Amino acid sequence: MYRFWTAFFLASFVFSGAPKISSRLSKDEQILHAANRLTFGATPQDIAAIRKVGVEKWVDQQLRPETIAENPALTERLRALDSLGLSNAELIQKYPPPQLIRNKKKEDGEANAETMAARQAVRKVYTDLAEAKVLRAVHSNRQLEELLTDFWFNHFNVFFDKGFDRVLVTSYERDAIRPHVLGNFRDLLLATARHPAMLFYLDNWTSVSTDGLPQVRRKAAAKQKRAAGLNENYARELLELHTMGVDGGYTQKDVTEVARCFTGWSIAEIREGGKFQFRPMLHDRKAKQVLGEVIQPGRGEEDGLEVIDILVRHPATARFISTKLAQRFVSDAPPETLITKMAATFTKSRGDLRAVTRTMLTAPEFWAPEAYQAKMKMPLEMIASALRATGAEVTTTAALQQELRTMGQPLYRKVEPTGYTAMAEEWTNSAALLARMNFGIQLTQNKVRGVRVDLDGRLGGKRTAAAIAEALLLRAPAAETLAALETKADATPARVAGLVLGGPEFQRR
């Protein structure tokens, strides 16, 4: 039986396209579409709320999360994760990263013991971060804000396990990403550029002008360290991933010039928590030219700020940001007409992300039949949606974090600056899809540690395959799905529910 289900669902994932609807979406389909796209997974409560106020008003509410009362139970759970509210300085003092301990002059035995303690302390920082992300995805009333926080963190990705970023990522997401997801793109871009997590991750804190290099070399020699020079890592990703896109029209010369503009953008006293600091002596004060615009000589931090302004108003940035948003929320290949509308709003509003997102969510292309059930869930979306669909009670997320690693999305641990993609091709390999099925079956049989599902209560006594599938999908299942589920009439309701959660229809949103 297990092999049969596996073969059927894997074949469905790989070979079947998204469901096509012959005419415009019905009212019920619009409601489900809104709930699936603007939350981490539709629930009966979401459907009821949308039906009560109407799709248009509900979408507007999600675009204004500051007006939505947060779930008090979630707030209480987050309060217990005490590292989430600490400053960088407090985090480094309370949870020093191992490399900070190793650098201290101590006896080998004592150093080793302290290094082990440091690793355990940093594990607490990661556990709090990852647990909060899952809990927010499952329980927050501000679902669109949570989706956008995840989207923009991936857009401006930093890798948790790179050195001091182990204690810098907490404030990076909290202070640089979350406050700006529906704000102004320039503010978001500048906040990430100045944050020590990004400066450390892409090495800009080591980037020094050729004029300032002799001074750095003298100081480095005194400390028996290797001196740095011009580093182009941040400049390259700023152009390729953060603003214009790889086909945005910039050149390698632009990368170098942008790197020169950001010399001196550094970190003050990183071992004490670190804040952004501009170091004038390390900055290249000569004239530069970025994308055809001259950066006047003799200035300082203003050079980087001018580059940010140039990039924010560049047409390629408007298109690239609009495309990335549409790929996450509409389809892997969003219509050109939609991109044009969103880019026009970006340009006209000077990067107002709430306005751009509103343009996307109110456009006919978002509500087109071709967009319905056209997106494949990323692993975090799949797990969160399964927990929401079953009304699961989560006491600890350790096992869920392991499931995310198995599916290929360990939270905050994407090494590459690209972040995790929303494109289906990344997630449709057989091993990852099999892991989704296994998770669905384990969840409904209460075999996921730290998670409890009251399936009888959730299903309300429903026992037929059709009724169980409809209760979890919040729509009638496709004929092919129902036929496969009914092949083994002796399957328990829990197993049928697990197969639904692991099956192809539930993986789409």
Side-chain angles (χ1 to χ4, degrees), residues 37-38 56 59-60 62-65 144-145 147-149 151-156 176-177 179-194 234-251 254-255 257-258 261-262 288-295 302-368 371 419 422:
R37 292 299 174 87
L38 274 66
E56 184 176 342
V59 170
D60 183 67
Q62 287 295 319
L63 282 165
R64 295 180 294 111
L144 178 58
E145 182 180 51
L147 284 168
L148 287 169
T149 300
F151 169 82
W152 286 112
F153 187 96
N154 277 300
H155 185 82
F156 293 104
I177 301 292
H180 304 293
V181 298
L182 284 166
N184 186 273
F185 181 72
R186 184 189 185 277
D187 295 340
L188 174 58
L189 185 61
L190 181 58
T192 59
R194 280 179 166 162
Y234 176 69
R236 181 172 294 104
E237 307 308 349
L238 175 64
L239 293 168
E240 178 180 334
L241 298 177
H242 298 172
T243 57
M244 298 177 68
V246 67
D247 299 319
Y250 64 88
T251 66
D254 289 317
V255 173
E257 295 291 274
V258 168
C261 289
F262 281 96
K288 311 161 190 79
Q289 188 170 353
V290 174
L291 297 168
E293 299 196 32
V294 175
I295 309 293
E302 302 95 326
D303 289 355
L305 296 175
E306 186 167 346
V307 167
I308 286 175
D309 287 336
I310 289 170
L311 294 175
V312 169
R313 65 174 178 258
H314 199 284
T317 298
R319 284 192 56 81
F320 183 65
I321 297 303
S322 298
T323 301
K324 286 284 295 288
L325 273 167
Q327 286 174 334
R328 176 68 182 263
F329 286 92
V330 183
S331 68
D332 288 5
E336 178 62 28
T337 53
L338 176 61
I339 302 304
T340 300
K341 293 174 190 175
M342 293 171 65
T345 298
F346 187 101
T347 301
K348 183 178 180 180
S349 68
R350 299 182 180 180
D352 184 332
L353 295 177
R354 195 192 312 267
V356 174
T357 306
R358 186 186 299 277
T359 295
M360 175 180 67
L361 298 180
T362 57
E365 292 88 346
F366 180 83
W367 302 98

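What you see is a predicted model, and the numbers here were worked out from it, not measured in a lab. These numbers come from the heavy atoms of this one structure, side chains and all, not from hydrogens, waters or symmetry mates.
- Distance alone, capped at 3.5 Å, places no donor-acceptor pair between the Trp152 side chain and the His180 backbone.
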> What's the verdict on ring-ring contact (aromatic ring centres under 6.0 Å, His included) for Phe329 and Phe366, showing C-alpha distance, side-chain angles and the deciding distance?
Replying inline: CA-CA 8 Å; Phe329 286 92; Phe366 180 83; 8.0 Å; no
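- Of all the heavy atoms in Ala235 and Val255, the pair that sits closest is CB-O, 3.4 Å.
- Residue Phe262 comes nearest to Val307 through the heavy atom pair CE1-CG1, 3.8 Å, listed as atom of the first residue, atom of the second, then distance.
- Using a 4.0 Å cut-off between a side-chain N of Lys or Arg and a carboxylate O of Asp or Glu, Glu336 and Lys341 do not qualify as a salt bridge.
- The side chain to side chain contact (heavy atoms under 4.5 Å, CB included) test with Ile339 is passed by exactly one of Arg319, Glu365, Gln327: Arg319.
- Between the CG atom of Asn154 and the CG atom of Leu241 there is a distance of 11.5 Å, given to the nearest 0.5 Å.
- Considering CD1 of Ile295 and CD of Glu306, their distance stands at 3.5 Å, rounded to 0.5 Å.
- No more than 12 heavy-atom neighbours from other residues, nucleotides or ligands sit within 6.0 angstrom of CZ on Arg350.
- Separating the CD1 atom in Ile310 from the CG atom in Leu305 is a distance of 11.0 Å, to the nearest 0.5 Å.
- Between Asp303 and Cys261, the closest heavy-atom pair is CB-O, 3.7 Å.
- At a threshold of 4.0 Å, the pair Asp309-Arg313 does not count as salt-bridged, since none of the basic side-chain nitrogens sits closer than that to a carboxylate oxygen.
- Separation of atoms OG1 (Thr243) and CZ (Phe185) is listed at 6.5 Å; rounding is to 0.5 Å.
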